[in-house]
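Because the structure is predicted, anything quoted here is derived from the model rather than measured. Numbers restart at 1 for each chain; the letters A, B, ... are given by sequence-line order, proteins then strands.
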Protein chains: 2
Amino acid sequence: MSYSIGEVVKKTGLSAHTLRYYEKEGLLPFVKKNASGVRAYSDEDLRWLTMIECLKDSGLQIKEIRQYIEWFNEGDSTLSQRLSLFENRRKILEKEMARLTVVMNKIRFKELLYREAVRVGNLDVATNERRFKHLKKKLFESPDDFDK
Amino acid sequence: MSYSIGEVVKKTGLSAHTLRYYEKEGLLPFVKKNASGVRAYSDEDLRWLTMIECLKDSGLQIKEIRQYIEWFNEGDSTLSQRLSLFENRRKILEKEMARLTVVMNKIRFKELLYREAVRVGNLDVATNERRFKHLKKKLFESPDDFDK
DNA sequence: ATGACACCTAGAGTAAACTCTAAGTATTAT
DNA sequence: ATAATACTTAGAGTTTACTCTAGGTGTCAT
């Protein structure tokens, strides 16, 4: 099976511009073109697009994805480089999730506080309620830094 | 207490360029300047910088942070807008964490697979091992899309 | 009072990942 | 045959958040 760029747009949600851009950046080195230059994407190309999406979601830049694809095409001699890439990425994702957890707590505190402030119609009153003072102390090292 | 821009650079880790840029963008509307135009940051300004960092970490753009600061300065009439902002942000962070969890599973699978591939010196052999086929099936809806 | 250093402004430059434009060719439907 | 639609290329423009440069002023220790 092969697909026109329009069909791939529908399947992937990427724009035709973006697909051509990816190709120019070396992310799709196997896309075939017919005699008049029209692209015909294979199922293999679609699988690459799925993998590219995953790598992008994990935070890789386009040039890093290109590097990965080059390694893949060089075969088993680059297995350890590819292992390192996934290992590093996993560590970065772990840090990112830890970071988001911290931020989430702060934002949730603000949400609760403002919900109460809206209820009583006054931010200072809500801020000074015992339960919010208590919560803030529990959540933050330097609670005064979080009054804004 | 008040602080020169150099002291704030040391305290926050932000560059002097960035601090002036934030001010230009309306994120620090209260920074005072002496007769010769030199900035003197107050403790209040430092607290704002802490809050700005949190909002940035949560993914807000600079113009959204400026909006929040404007609402804050308008007082209790904007409490509900600020509540909405934190509510939306909390929802976005929840989605982002869910997204990262999915990506993490895929990357972890790749890491395991490549660790085995490096051990045996061949990607195809590792890919075809029963336990990896099994794991892939468990992790992905469309497992073939993940061979790249 | 002289050199080092911190600070100022306005505005230009950068990086990443698109996103769009212009000008043209090819295919398809009626 | 003609119009609409889809496709092609090269290259310019956009957005965000900085980041840096140029050219200058102000402060301070010796």
Please tabulate, for the side chains in residues 56-66 of chain A, all donor-acceptor contacts under 3.5 angstrom to protein atoms that are two or more places apart in sequence or on a different chain.
from, atom 1, to, atom 2, distance (Å)
Ser58(A), OG, Leu55(A), O, 2.8
Glu64(A), OE1, Gln61(A), N, 2.7
Arg66(A), NH1, Glu25(A), O, 2.9

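Counting heavy atoms from C-beta outward, Ile52(A) and Leu28(A) have side chains that approach closer than 4.5 Å.
A heavy atom closer than 4.0 Å to some atom of DNA chain D occurs in His17(B), these being the qualifying members of residues 5-17 of chain B.
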Step by step, work out the side chain to side chain contact (heavy atoms under 4.5 Å, CB included) result for Arg47(A) and Glu44(A). CA-CA 5 Å; Arg47(A) 281 192 286 274; Glu44(A) 179 80 356; 3.3 Å; yes
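In the 5' to 3' direction, nucleotides of DNA chain C lying under 4.0 Å from heavy atoms of chain A begin and end at dA16(C) to dT27(C).
In this structure, Lys63(B) places its NZ atom 16 Å from C1' of dC18(D), rounding to the nearest Å. For the pair Leu19(A) CG and dT9(D) C1', the computed distance is 16 Å after rounding to whole Å. Going from atom CD1 of Ile52(B) over to atom C1' of dC18(D) covers 15 Å, rounded to whole Å. Distance, Leu60(B) CG to dT15(D) C1': 17 Å, rounded to whole Å. Here dT25(D) presents its P atom at 17 Å from NZ of Lys33(B), a figure rounded to the nearest Å. When the P atom of dT19(D) is taken as reference, atom OH of Tyr21(B) falls 10 Å away, rounded to whole Å.
With respect to the salt-bridge test (charged N to carboxylate O, under 4.0 angstrom), the residues Glu96(A) and Arg99(A) qualify.
Phe86(A) and Tyr68(A) have their aromatic ring centers within a separation under 6.0 angstrom. Taking the six-membered ring for Trp and the full ring otherwise, Phe72(A) and Trp48(A) have centroids separated by under 6.0 Å. Ring centers of Tyr3(A) and Tyr41(A): at least 6.0 Å apart, outside the cut-off.
Nearest-nucleotide positions on DNA chain C place Lys24(A) closer to the 5' end than the other of Asn34(A) and Lys24(A). The residue among Ile62(B) and Val38(B) whose nearest nucleotide of DNA chain D lies closer to the 5′ end is Ile62(B).
Set against dC18(D), dT8(D), dT16(D), the side chain of Gln61(B) has dT16(D) as its closest nucleotide.
Heavy atoms of Arg20(A) sit under 4.0 angstrom from at least one base atom.
Atom NE2 of residue His17(B) and atom OH of residue Tyr21(B) lie 13.5 Å apart, to the nearest 0.5 angstrom. Taken to the nearest 0.5 Å, the CZ atom of Arg115(A) stands 4.5 Å off from the CD atom of Glu111(A).
Here Thr18(B) does not reach the OP1 or OP2 of dA17(D): none of its side-chain N or O atoms lies under 4.0 Å away.
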